[in-house]
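Data block below; observations after.
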Amino acid sequence: MAKRPEWLDNAVFYEIYPQSFKDTDGDGIGNIGGITEKLPYIKELGCTALWINPCFESPFGDAGYDVSDYCRVAPRYGTNDDLVRLFEEAHRLGLYVLLDLVPGHTSWEHPWFKESMKAEKNKYTDRYVWTDSIWEEPTGYGSLRGISERDGSCAVNFFTHQPALNYGYYRPQRPWQQATDSEGPVATREAMKDVMRFWLSRGCDGFRVDMAGSLVKNDEDCKGTIAIWQNIREFLNEEFPGAAMVSEWGEPCQSLAGGFHMDFLLHFGSSHYNDLFRCPEPFFQGCGDASRFVEKYIDSYERSGRRGLICIPSGNHDMDRLARHIHGDNRKLAFSFLLSMPGAPYIYYGDEIGMRYVEGLTSVEGGYGRTGSRSPMQWDGSENAGFSTAPAEKLYIPIDPSSDRPTAQAQMEDAASLRSEIKKLIAVRQAHKALQSLGEIEFISDGAKGKPLAYIRSGGDERIFVAVNPTDSAAELAFDGTPCEVVYSFGDQAELAENRCVIGGKSAVFVLIK
């Protein structure tokens, strides 16, 4: 059983893509010092924790998700001491820090992989998934072939330069497919524990785990992968019981069984998450249908024991910016949903000011279509939007060139801005236990086309009715309860009566009920 760190119960996360957040040394690339400098900004917004995308040594073929040394900060970001200072300053401000753990693969430049390529057997021979013959590829995976003196093909995850680490096969079918309790897979698991031990002992508060459900091969029901994480959970319970673990898995009942505290709702697969934000007719643009999302959410919620386990992000480094599809005040309605749902919400840097997807960019560090969502944070109206003093042509990714690009400074000074509304919403969430991570949820309206989303959150001695209506038309909703106090509203004032609410179009309301 995973004992939940208490701070997760009211956590609101801020995701930082370090390359693009803040550059303090003028090389055009964000760094650890820049994150540390801007911690007060994150605190002032109301967030309680950070998730930092991979900041470890890497050749950066996949923006740092191709790690070449798990225990060394990439020199372009600073040093290990800089990261420890960030932990210390964050803790001084009452903030928590999750690092991004990538356990499924490394860069092909990692010393483990270079050793595994050698023909003579050594301690790293079985660290990766290799076949016995150059002429046989791992079924269902791409592979590296003909690159070394070793006979065999090595499975890869995602890009060609990301060889898959070996956690074994749940159902071995070929001689080279090792069981999960074989020496090689066990050594891989223990090596990952050492990585976690290294950073947790230096002040890290836990990990967001990249593609946590995909470690073991031939593991359709994830039973082998769940067992791997249960073993890691035992290690954490013994040595670091306060470490928070959040998985990118997409199946919270499996994630919880593996010992994670929370699970990310994925933007691909069966979640229908992007029915809300990123599709030809997004729900929060007022023209879409949220009902399939609600159906899947309820199924996941019930199968995970009605626990506040499902984390819903505003976006992340792998998908379009929220502002590419949701416009104007509809973004405020989207955040009224994001910040009133169970689980810990995640705000992708810049989404709080409505940063746009920058169109037409050449791919940077394996970004391809994702590159436009990774442009530098827009701090103010100065050169390079306050991100860096480097010449514009040396920036990691070009700044949004629009003359009306939003900035943090301008929005902090504007009480009607998106950022100011998000700050207000976070404060309302923090003031009411029912709205926080563990509060239960009961849907009243599923957001079918033309209808609002509505639900009752409950926790402690509170019940709060939430309605979010991005459509143009008013809607009448029935619920079991007597309205007592409106704790948040946006748009038209709702009409409230016993067991009933009429909410205007383009509006949201949170109401304490008895």
**Request:** Any chance you could lay out the ring pair (Phe, Tyr, Trp, His ring centres under 6.0 Å) test for W229 and F260, step after step, and finish with the verdict?
**Result:** CA-CA 8 Å; W229 288 113; F260 284 92; 4.9 Å; yes
**Item:** Audit row: R189, N231, side-chain hydrogen bond (donor to acceptor under 3.5 Å, both in side chains) steps and yes/no
**Value:** CA-CA 9 Å; R189 184 186 68 205; N231 179 271; 3.1 Å; yes
**Prompt:** Given the rule in the ring pair (Phe, Tyr, Trp, His ring centres under 6.0 Å) test, do Y17 and F21 qualify, once you have shown the distances and angles that lead to the verdict?
**Reply:** CA-CA 6 Å; Y17 186 74; F21 194 60; over 10 Å; no
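Within a 6.0 Å radius of NZ in K38, other residues, nucleotides and ligands contribute more than 12 heavy atoms.
Checked for salt-bridge contact, K217 and D219 miss the test: no charged N lies under 4.0 Å from a carboxylate O. Electrostatic pairing of E89 and R92 counts as a salt bridge here, judged by a charged N lying under 4.0 Å from a carboxylate O. Looking at E149 and K118, no side-chain N of the basic residue comes within less than 4.0 Å of a carboxylate O on the acidic one, giving no salt bridge. A salt bridge links D299 with R303: the closest approach of a Lys/Arg side-chain nitrogen to an acidic carboxylate oxygen falls below 4.0 angstrom. Using a 4.0 Å cut-off between a side-chain N of Lys or Arg and a carboxylate O of Asp or Glu, R321 and D351 qualify as a salt bridge. A salt bridge links R76 with E365: the distance from a Lys NZ or Arg NE/NH1/NH2 to an Asp or Glu carboxylate oxygen falls below 4.0 Å.
In this view, R324 and D320, E359 satisfy the salt bridge (Lys or Arg N to Asp or Glu O under 4.0 Å) rule, not counting sequence neighbours. For R292, the side-chain contact (heavy atoms from CB on, under 4.5 Å) partners at least two apart in sequence or on another chain are H272, D275. In this structure, the side-chain contact (heavy atoms from CB on, under 4.5 Å) partners of A385, at least two apart in sequence or on a different chain, are Q378, I399, R405. Evaluation of the side-chain contact (heavy atoms from CB on, under 4.5 Å) rule for T106 yields Y70, H110, W112, Y128, P163, L165 as partners, not counting sequence neighbours. Partners of Y455 according to the ring-ring contact (aromatic ring centres under 6.0 Å, His included) rule, which considers only residues two or more places apart in sequence or in another chain, are F443. Checked against salt bridge (Lys or Arg N to Asp or Glu O under 4.0 Å), E120 has no partners two or more places apart in sequence or in another chain. For E239, the salt bridge (Lys or Arg N to Asp or Glu O under 4.0 Å) criterion is met by R197, not counting sequence neighbours. Not counting sequence neighbours, the partners of T180 by the side-chain contact (heavy atoms from CB on, under 4.5 Å) test are V216. E234 meets the salt bridge (Lys or Arg N to Asp or Glu O under 4.0 Å) test with no other residue; sequence neighbours excluded.
A donor-acceptor pair shorter than 3.5 Å can be found between the side chains of Q162 and D62. S388 and D23 share a side-chain donor-acceptor pair at under 3.5 Å. Residues S68 and E109 bring no donor and acceptor atom of their side chains to less than 3.5 Å of each other. Donor-acceptor pairing under 3.5 Å is lacking for the side chains of E220 and Y170. Side-chain contact annotation: D100 with Y65, donor-acceptor N/O pair under 3.5 Å present. Judged purely by distance below 3.5 Å, without hydrogens or angles, the side chains of D9 and Q436 never pair a donor atom with an acceptor atom. Side-chain polar atoms of S375 and D400 form no donor-acceptor pair below 3.5 angstrom.
The minimum heavy-atom distance between F264 and E248, with the atom names listed, is CB-CA, 4.1 Å. Between L338 and P345, the shortest heavy-atom contact is O-CB, 3.6 Å.
Two residues are said to be in side-chain contact when any heavy atoms from C-beta on lie closer than 4.5 Å; R208 and N53 fail this criterion.
Applying the ring pair (Phe, Tyr, Trp, His ring centres under 6.0 Å) test to pairs two or more places apart or on separate chains, those with a residue in residues 83-103 are W7-Y96. Within the structure, every pair that satisfies the ring pair (Phe, Tyr, Trp, His ring centres under 6.0 Å) test and touches residues 194-221, not counting sequence neighbours, is listed here: F56-W199. For residues 41-50, the set of pairs meeting the side-chain hydrogen bond (donor to acceptor under 3.5 Å, both in side chains) definition, not counting sequence neighbours, comprises Y41-E352, Y41-R419, E44-R419, E44-K423.
Not a single donor-acceptor pair under 3.5 Å links the side chain of D263 to the backbone N or O of I310. Under the 3.5 Å distance criterion, the side-chain polar atoms of N384 are left unmatched by any main-chain donor or acceptor of F387. A donor-acceptor contact shorter than 3.5 Å is absent between the side chain of N166 and the backbone of R127.
By the 30° and 60° cut-offs, the orientation of the rings of F337 relative to F293 is perpendicular.
Checked against the 6.0 Å centroid threshold, H325 and F277 do not count as a close aromatic pair.
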